[in-house]
Amino acid sequence: MSSFRRDSITKRIFSFAKAALPSMSDTEREALEAGDVWWDAELFTGRPDWQKLLNYPQAALTDEEKAFLHGPVDELCAMLDEWKINWEWRDLPKDAWDFIKQNKFFGMIIPKEYGGLGFSPYAHSEVVRKLSSRSLTAAVTVMVPNSLGPGELLLRFGTKEQREKWLPRLADGRDIPCFGLTSPEAGSDAAAMIDTGIICTGVFEGQEVLGLKLNWHKRYITLGPVATLLGLAFKAYDPDHLVGEQEELGITVALIPTHLPGVEIGRRHLPAMQVFQNGPNWGRDVFIPLDYIIGGKERLGQGWKMLMTALAAGRGISLPSLSAAGAAYAARVTGAYARIREQFGIAIGKFEGIEEPLARIAGTAYLLDAARRLTCAALNEGHHPAVISGIMKLQATERMRIAIDDAMDIHGGKAIIDGPQNYLGNLYRSVPVGITVEGANILTRNLIVFGQGAIRAHPYLLEEMNALAEEDRDRGLDAFDDAFWKHLGHSVKTLFRAFGHAWTFGLFAPAPDAGAASPFYRQLSRYSAAFALCADMALITLGGSLKRKEMLSARFGDILSELYLLSATLKRWQDEGRQQQDLPLLQWCMATGFKTIENRFAEILANLPNRFVGVMLKLLIQPFGARVLGASDRVIHQCAQILLEPSAARDRLTSDLSHVEDDGGRARLEKAFLLVVAAEDASKKMRAARLHDWSEAVTRGVITQGEADKLAAAHEAVAKVIEVDDFLPEALSPIYKKGADVHQFFQELGEQRAAG
């Protein structure tokens, strides 16, 4: 029967599909094959196994990792002054650089056998989280060598000799690494890079050896200006056939000590006024032996796949950690400021107009840290989920942008006037950097999340594509026959499942016993089935042209992203013991995510080129339209209240941030917040008696002297917080003479112009 099916039916479908399948470049194929799939594959089934998710081990720290966080990391935070780093020194101070090297911050991912700390991805994430809440410059400086760079690539692909030589030097800071990928001509299109390595013979350290003559121009290279060891991506060529018959060998990665002749380190970039070390570099006829290729001669031409595999892990740790920290930091400081700052006689956090962005900040912080933890749990277990890492980088940085914008709006002028007491301005300026690096978010959203996810995470699509690309036609037909009919059966089941869940509003969709959260699992099961069905229909009707329908692809990517992020949020709720105080945060995340999912479905169905399929899908999965309106006013109010009062929920939301006792703006804010809360009862008595003078209130017996002292202390602390910095004219501009009167200066300048 299977032979008849294959020869009579499948063969025709196989021939049609083979002709319709668009060509795929080597870089596209290598990107698809990089990393692996994890929970994203479960979401593509249309019937996620929720118990599997809940049974998955939480990310956890070892005792040694905890000691590092509460020891060297806290010590480093105490050494840092972000205002001086950015506006006076334009760099980390020397004692901070020395401390980072001595305590092996650059060697967190390097195993102990090579002199590193051997920390887990979660520990790496926690370190970046804490440092980010104190100094972005320090956080970026530490996170880059531990994500995409020579260390990561050596661990995965280096030869034994390379690991033994370079990893100990990277671990203890004798060598500072950077990685050169981006070139001016190529941008996000790595295949377009013109950096070259020509295989030839040359002299290296006094001996004639077979090697590569390199020429390159790279820019935007973090740690580039101070690096001693450069990881370099380039295109390798063998015009004289010294290693084989092929001339164009493809993208290759190699190690370049920056002291070699021909290496030129450029001057520093200044990315959005952030002062972490970043700059361009060049190589002009730089010669290296073949054993400087990471992985040796055998890895010639495999560089893109190596980079994509490494990026599958790094993108899931570094920027998501920084972004989650930024959202949590915004929640902590904005809630405190909204509590102490009064307008019209009441705290501004009590206004509904302020409650809405406060709730958005709180919900975002809860969701991003949930996703960060779940992703780290996968990485801890050895997974390298490429699609999820793309989701995390994209969604974390975009949502951080929203949270920081909300924080700035609530703070108003306090966050606009720069100076040592401004604890938000630099974080606001840094947002575009995170949005842009490791792949621009526009590219990631429109081309990668669904474009890569639809192939990698789908139960059968990659098998079908591989079968169609098989050179042996008979073997390809056999493989295609097996995958295609399984795919068809899966699609039919998904159709009926999605139809049933839609028309019953998910009432009977699968869900674990999760208390108040169980209805949310049912809705995610419903949306997962609808997503799987729509994705299949889009692939069938559009085929290879779907990758050119970027707006459709982006909407599918948004749905997949929401499914993953909301899964992570439910996992967090369960792992933390279903904290009742946190339920409003969970409800806000679910309602907001469901609204996005339903709107994206509506947009997809309205814009599918095949209108018959669009109409039929609407009847199947969204017969009543997009119905979720987002979080209710009650939930918004409850989320905002979490940020306005000291509580366990507030502490859980903002855990593991840096707390340094100094006279900085944030320390003043924390002090004022606690004093205002402590004086609340006395304030209520004063308002009830319609009194403003504490002495009079004490005399009348409205409050006690102790309560008056609390009010005075709170008033003084709040006054310090709402102060903003000002500067002498000569401190901001060299055109002013010390002690000169500004008005007089401009008057004299006007007189000079008039006379001239």
Side-chain angles (χ1 to χ4, degrees), residues 61-82 84-86 88-152 154-155 163-179 222-231 255 257-259 265 275-278 317-318 321-322 325 656-662:
L61 300 174
T62 65
D63 290 341
E64 183 181 5
E65 291 167 345
K66 291 176 184 176
F68 188 79
L69 272 170
H70 298 301
V73 177
D74 282 345
E75 290 180 55
L76 178 58
C77 287
M79 299 166 69
L80 303 172
D81 183 322
E82 191 74 335
K84 290 182 178 179
I85 288 170
N86 279 280
E88 295 181 22
W89 304 327
R90 304 288 187 183
D91 195 0
L92 292 174
K94 184 179 182 302
D95 59 344
W97 276 106
D98 292 341
F99 189 85
I100 287 169
K101 293 177 183 179
Q102 291 164 6
N103 288 274
K104 302 185 178 181
F105 278 83
F106 290 157
M108 287 191 291
I109 66 169
I110 296 175
K112 291 182 179 180
E113 62 187 285
Y114 298 111
L117 296 176
F119 283 173
S120 65
Y122 185 50
H124 172 195
S125 176
E126 286 286 283
V127 171
V128 171
R129 176 180 172 84
K130 181 170 278 193
L131 286 177
S132 298
S133 63
R134 181 63 180 173
S135 166
L136 290 167
T137 302
V140 172
T141 299
V142 166
M143 79 186 189
V144 167
N146 289 287
S147 52
L148 178 62
E152 176 87 6
L154 283 167
L155 283 171
R163 290 195 294 267
E164 290 176 347
K165 177 179 180 179
W166 296 109
L167 289 179
R169 297 181 60 85
L170 292 170
D172 62 21
R174 279 176 288 169
D175 275 314
I176 297 178
C178 69
F179 194 86
T222 299
L223 295 187
V226 296
T228 61
L229 185 65
L230 167 65
L255 296 169
T258 57
H259 69 267
I265 301 300
V275 299
F276 58 86
Q277 292 284 340
N278 187 281
I317 299 174
S318 53
S321 302
L322 189 151
D656 301 320
L657 302 180
S658 172
H659 297 280
V660 176
E661 294 296 332
D662 56 17

If we only count heavy atoms from C-beta on, is the [X] to [Y] side-chain gap below 4.5 Å?
X: His659; Y: Cys77; result: no
X: Met143; Y: Leu131; result: no
X: Phe276; Y: Leu223; result: no
X: Asn146; Y: Val127; result: no
X: Asp74; Y: Lys130; result: yes

### Task
Scan Ile85, Val140, Asp91, Leu136 and name whichever one has a side-chain contact (heavy atoms from CB on, under 4.5 Å) with Val275.
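Running side-chain contact (heavy atoms from CB on, under 4.5 Å) over Ile85, Val140, Asp91, Leu136 with Val275 returns exactly one hit, Ile85.
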At their closest point, which heavy atom of [X] faces which heavy atom of [Y], and how far apart are they?
X: Pro150; Y: Leu229; result: CG-O, 4.3 Å
X: Lys112; Y: Glu64; result: NZ-OE1, 2.7 Å
X: Ser135; Y: Glu82; result: OG-OE1, 2.6 Å
X: Lys101; Y: Gly173; result: CD-O, 3.8 Å
X: Val226; Y: Trp97; result: CG2-CH2, 4.1 Å
X: Ser658; Y: Ser133; result: N-OG, 2.7 Å

### Parallel, tilted or perpendicular: ring planes of Phe68 versus Phe105, cut at 30 and 60 degrees
tilted
Out of curiosity, [X] [atom1] to [Y] [atom2], how far, rounded to the nearest 0.5 Å?
X: Lys66; Y: Asp656; atom1: NZ; atom2: CG; value: 10.5 Å
X: Leu80; Y: Thr137; atom1: CG; atom2: OG1; value: 9.0 Å
X: Ile110; Y: Arg163; atom1: CD1; atom2: CZ; value: 12.0 Å
X: Tyr122; Y: Glu65; atom1: OH; atom2: CD; value: 10.0 Å
X: Asn86; Y: Asp81; atom1: CG; atom2: CG; value: 9.5 Å
X: Leu322; Y: Ile317; atom1: CG; atom2: CD1; value: 13.5 Å

### Task
Begin with the C-alpha distance, continue with both residues' side-chain angles, and end with the deciding distance and a verdict on side chain to side chain contact (heavy atoms under 4.5 Å, CB included) for Leu76 and Asn103.
CA-CA 10 Å; Leu76 178 58; Asn103 288 274; over 6 Å; no
### Stepwise side chain to side chain contact (heavy atoms under 4.5 Å, CB included) check, Met79 with Leu92
CA-CA 10 Å; Met79 299 166 69; Leu92 292 174; over 6 Å; no
#### Entry: Phe119 vs His124, side chain to side chain contact (heavy atoms under 4.5 Å, CB included): CA-CA, chis, key distance, verdict
CA-CA 7 Å; Phe119 283 173; His124 172 195; 5.7 Å; no
### Query
Is there a donor-acceptor contact under 3.5 Å from the side chain of Thr228 to the main chain of Ile176?
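Checked: pair present.
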